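Data block below; observations after.
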There are 2 protein chains.
Amino acid sequence: MFPTYANVSERMAAPPALAISTVIFALRPSAVSGRPTLWLPLVKRIREPFEGMWALPGGPMTQAESLQDAAARNLRETTGLAPAYLEQLYAFGGLHRSPSERVVSIVYWALVQPTEAAMAQESANVKWVRADATGPLAFDHNEIVEYALWRLRNKMTYGSIAYHFLGEKFTLAAVREVYEAVLNRSVDPANFRRQLMTAPQIEATDEYLQGGKHRPPRLYRYTGVEAGGPPGFHQLS
Amino acid sequence: MFPTYANVSERMAAPPALAISTVIFALRPSAVSGRPTLWLPLVKRIREPFEGMWALPGGPMTQAESLQDAAARNLRETTGLAPAYLEQLYAFGGLHRSPSERVVSIVYWALVQPTEAAMAQESANVKWVRADATGPLAFDHNEIVEYALWRLRNKMTYGSIAYHFLGEKFTLAAVREVYEAVLNRSVDPANFRRQLMTAPQIEATDEYLQGGKHRPPRLYRYTGVEAGGPPGFHQLS
DNA sequence: TTAGTTAGAGTCAAATTGACTGAAACTAAT
DNA sequence: ATTAGTTTCAGTCAATTTGACTCTAACTAA
């Protein structure tokens, strides 16, 4: 029933290799409009298959850590990021994802805050691209990004992940910009404000964001905790 | 970056074993009230670890099939079921899920229709239990069932999976009973009807369910298709 | 001082929701 | 044949929520 392999002969000839990858989302100001848009970092493959192509950060599973830990560690090693939000996306196990060997990839998705996102510097092997225009990627990574985007939008309309894009204190306009960037449509500021204010998890601080060009907006704080989710899933940071 | 193992020495000493399990939900009339409640089938473990305990149906991954196919095949082999709905739930990869070896389990969840559910006969090695009272299970399967229940309830309030519990044609009262069983609270029949009628994916047939004790209800049909979801995810049946 | 822009409060009609009523259709018991 | 009981299904009504919009306060830059 369950694989308890009393002896080696019972095991299948060549078990699928296990890998971990991550789709990392961050908001960055658009080059054209200046408004924040969704971006993600890619790394360049340095060996076959798909050598020279861009791909999601990832690597093989190692023995001594949970899936979540493996994702977090690999992320730190490949991009230097320690995201505030890291959740399992999906296990991809199609037969021909990799041309050579059978690989099952457990893919996580992460949200990082703007201050952190700045830490993943561009280099010859790391570049940031707009989430809706990644260009052709290695393996089935285009499909994976597509699905991650769909999940992000889904969870945004429903839940409360928007705040993981932001720092501890934020303006209501910043939250609205997250919504607008992810859902890709404009939101009425007054109505959006009204909705947030009725949500009990938004707490007003007595601080205001100074240094802007216009009336200084009040800063707020998110006090809610993610409900439900898989066992062993804990918020980092 | 990605596991392409040019030579064996590069591979880690003992890669985690890969397994597939499934949480199968079906509605069955409660022994006490007669109203439908959520049940799921368990299989008895016939070897260590946890020999003699009840567990979710599952087995090791074999080489030549996708994860989805592996789940469907294993389900057919262990319980005889071919569910109308089969979706990936989560990949569980804690370090100590199995006492002997490191096992990563990719768990699917399924909804089966009452006619099909009757096919999975109880036997010495298969029993059906109420989803909210499974008793102690092998491995971390209690946590898995818990999480599957959470996901089912979540998706029910939002999406349109309720119909996968039912046959092609159904009464509105049957849909309501699905909601009541899964969400575990009563729903106002008139208001529920009104909501369903405004949904464009519900199509009225000109047939009525005869043989009941009271006014015969009209039969309806679900014409919607699941939107979004991971790539390579297709409805069976 | 004035023009321009954002923050934030408030208005109003339309749409949705929750609680409820009542007639119609059927069965089973009298 | 009549009646009681139960379910389907249409409809009412007040409360709440939503979308579109206005208006004033607060600030900066010209």
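Any value given below was found using the heavy atoms of this structure, including those in side chains, with hydrogens, waters and symmetry copies removed. Given the structure is predicted, the values throughout are model-derived calculations rather than measurements. Order of the sequence lines fixes the chain letters, A, B, ..., with proteins taken first and strands second; residue numbering starts at 1 for each chain.
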Q) Considering only heavy atoms and no angle criterion, is a donor-acceptor pair shorter than 3.5 Å present between the side chain of R215(A) and the base of dA7(C)? A) yes

(Q) Return whichever of D188(A) or D188(B) has its heavy-atom-nearest nucleotide of DNA chain D closer to the 5' end. (A) D188(B)

Q. Going by atom types only, do R151(B) and N154(B) share a side-chain donor-acceptor pair under 3.5 Å?
A. no

Q. Would you say a side-chain N or O of R194(A) is under 4.0 Å from OP1 or OP2 of dT18(D)?
A. no

Q.
For dT18(D) and Q195(A) - does any side-chain N or O of the residue sit under 4.0 Å from the phosphate oxygens OP1/OP2?
A. yes

Q: Check every atom of dG8(C), dC20(C), dC9(D) against the side chain of R193(A) and return the nucleotide holding the closest atom.
A: dG8(C)

(Q) The side chain of H214(A) is closest to which nucleotide in this list: dC27(D), dT17(C), dG11(D)? (A) dC27(D)

(Q) Going by ring-ring contact (aromatic ring centres under 6.0 Å, His included), name the residues that satisfy it together with Y108(A), two or more places apart in sequence or in a different chain. (A) none

Q. Ring centroid separation for F170(A) and Y163(A), is it under 6.0 angstrom?
A. yes

Q | Ring center gap for Y90(A) and F92(A) short of 6.0 angstrom | A | yes

Q. Going from CD on Q195(A) to OH on Y179(A), what distance comes out if it is rounded to the nearest 0.5 angstrom?
A. 8.0 Å

Atom-to-atom span, [atom1] of [X] to [atom2] of [N] - whole angstrom:
X: N191(A); N: dA9(C); atom1: CG; atom2: P; answer: 14 Å
X: L196(B); N: dT8(D); atom1: CG; atom2: P; answer: 13 Å
X: R176(B); N: dT6(D); atom1: CZ; atom2: C1'; answer: 13 Å
X: M197(A); N: dT18(D); atom1: CE; atom2: C1'; answer: 18 Å
X: F192(A); N: dG8(C); atom1: CZ; atom2: P; answer: 13 Å

Q. Reckon R218(B) touches a base, only the sugar-phosphate, or nothing at all at heavy-atom distances under 4.0 Å?
A. sugar-phosphate

Q: Looking at every strand, decide which applies to A190(B) at a 4.0 Å heavy-atom threshold: base, sugar-phosphate, or nothing.
A: base

Q.
Go nucleotide by nucleotide along DNA chain C from the 5' end; which of A173(A) and K213(A) gets its closest nucleotide reached first?
A. K213(A)

